[in-house]
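Structure first, then comments.
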Amino acid sequence: QVQLQESGPGLVKPSQTLSLTCTVSGGSITTNYYGWSWIRQSPGKGLEWMGVIAFDGSTAYNPSLKRRTSISRDTSKNQFSLQLMSVTPEDTAVYSCAADGRLRVGLLNRDEYDYWGQGTQVTVSS
């Protein structure tokens, strides 16, 4: 059974960079056709897809966040990471990592993902 676990600071100051890591167990992030996404949900709002890194290392981002977002991976550790730069309090959200075996982009329905992490709360505040 594939499991995903997010980790990183729960509190980030405005203008700084938010960095999170998703550790994958029970499967490889290089498995053909899997896409590994970051999704967030702010208080009172719906899910927002942030971006994906594919099994081959290629990436795609939400256009509204593209200038501030970077997703990378460490295949030796079976991890992929999110960096969100120049954060503001509006970036306060629960951040989750998820996997889709058909490499679809922009999924906003949790049920469409094959695997989903438990999520981690990140608060942007001074």
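These numbers come from the heavy atoms of this one structure, side chains and all, not from hydrogens, waters or symmetry mates. Just so we're clear, the structure is a prediction, and the values are computed from it rather than from any experiment.
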Backbone N or O of [Y] within a donor-acceptor pair of the [X] side chain at under 3.5 Å?
X    : Y    : answer
T69  : K66  : no
E6   : G119 : yes
R104 : Y113 : no
R68  : T17  : no

In Å and rounded to the nearest 0.5 Å, what is the [atom1] to [atom2] distance from [X] to [Y]?
X   : Y   : atom1 : atom2 : result
F55 : N32 : CZ    : CG    : 5.0 Å
M85 : S70 : CE    : OG    : 6.0 Å
S81 : R73 : OG    : CZ    : 12.0 Å
I39 : N62 : CD1   : CG    : 11.5 Å
S25 : Q3  : OG    : CD    : 4.5 Å
C97 : Q5  : SG    : CD    : 7.5 Å

> Can L108 be reached from V94 by stepping across I, L, V, M, F, W or Y side chains whose heavy atoms are under 4.5 Å apart?
Replying inline: no
> Can you get from L107 to W116 by hopping between Ile, Leu, Val, Met, Phe, Trp and Tyr side chains that sit under 4.5 Å apart?
Replying inline: yes
>> Apply side chain to side chain donor-acceptor pair (under 3.5 Å) to residues Q79 and T21 and explain how you reach the verdict.
In response: CA-CA 7 Å; Q79 296 175 332; T21 295; 5.2 Å; no
> For V2, what are the other residues in its hydrophobic cluster, where any two members join if their side-chain heavy atoms are less than 4.5 angstrom apart?
Replying inline: L4, V12, L18, L20, V24, I29, Y34, W36, W38, M50, I53, Y61, L65, I71, F80, L82, L84, V87, Y95, Y115, V122, V124
>> Could you report the tightest heavy-atom contact between T30 and T75, atom names first, then the distance?
In response: CG2-CG2, 3.8 Å
Are the side chains of [Y] and [X] in contact, using a 4.5 Å heavy-atom criterion?
X   : Y    : answer
D91 : R40  : yes
E48 : Q41  : no
Y33 : R102 : no
S28 : N78  : yes
P14 : S126 : yes
S7  : T120 : no

> Can you list every pair that meets disulfide (SG to SG under 2.5 Å) and has a residue in residues 24-80, with sequence neighbours left out?
Replying inline: none
> Going by the disulfide (SG to SG under 2.5 Å) test, which pairs reach into residues 29-65, not counting sequence neighbours?
Replying inline: none
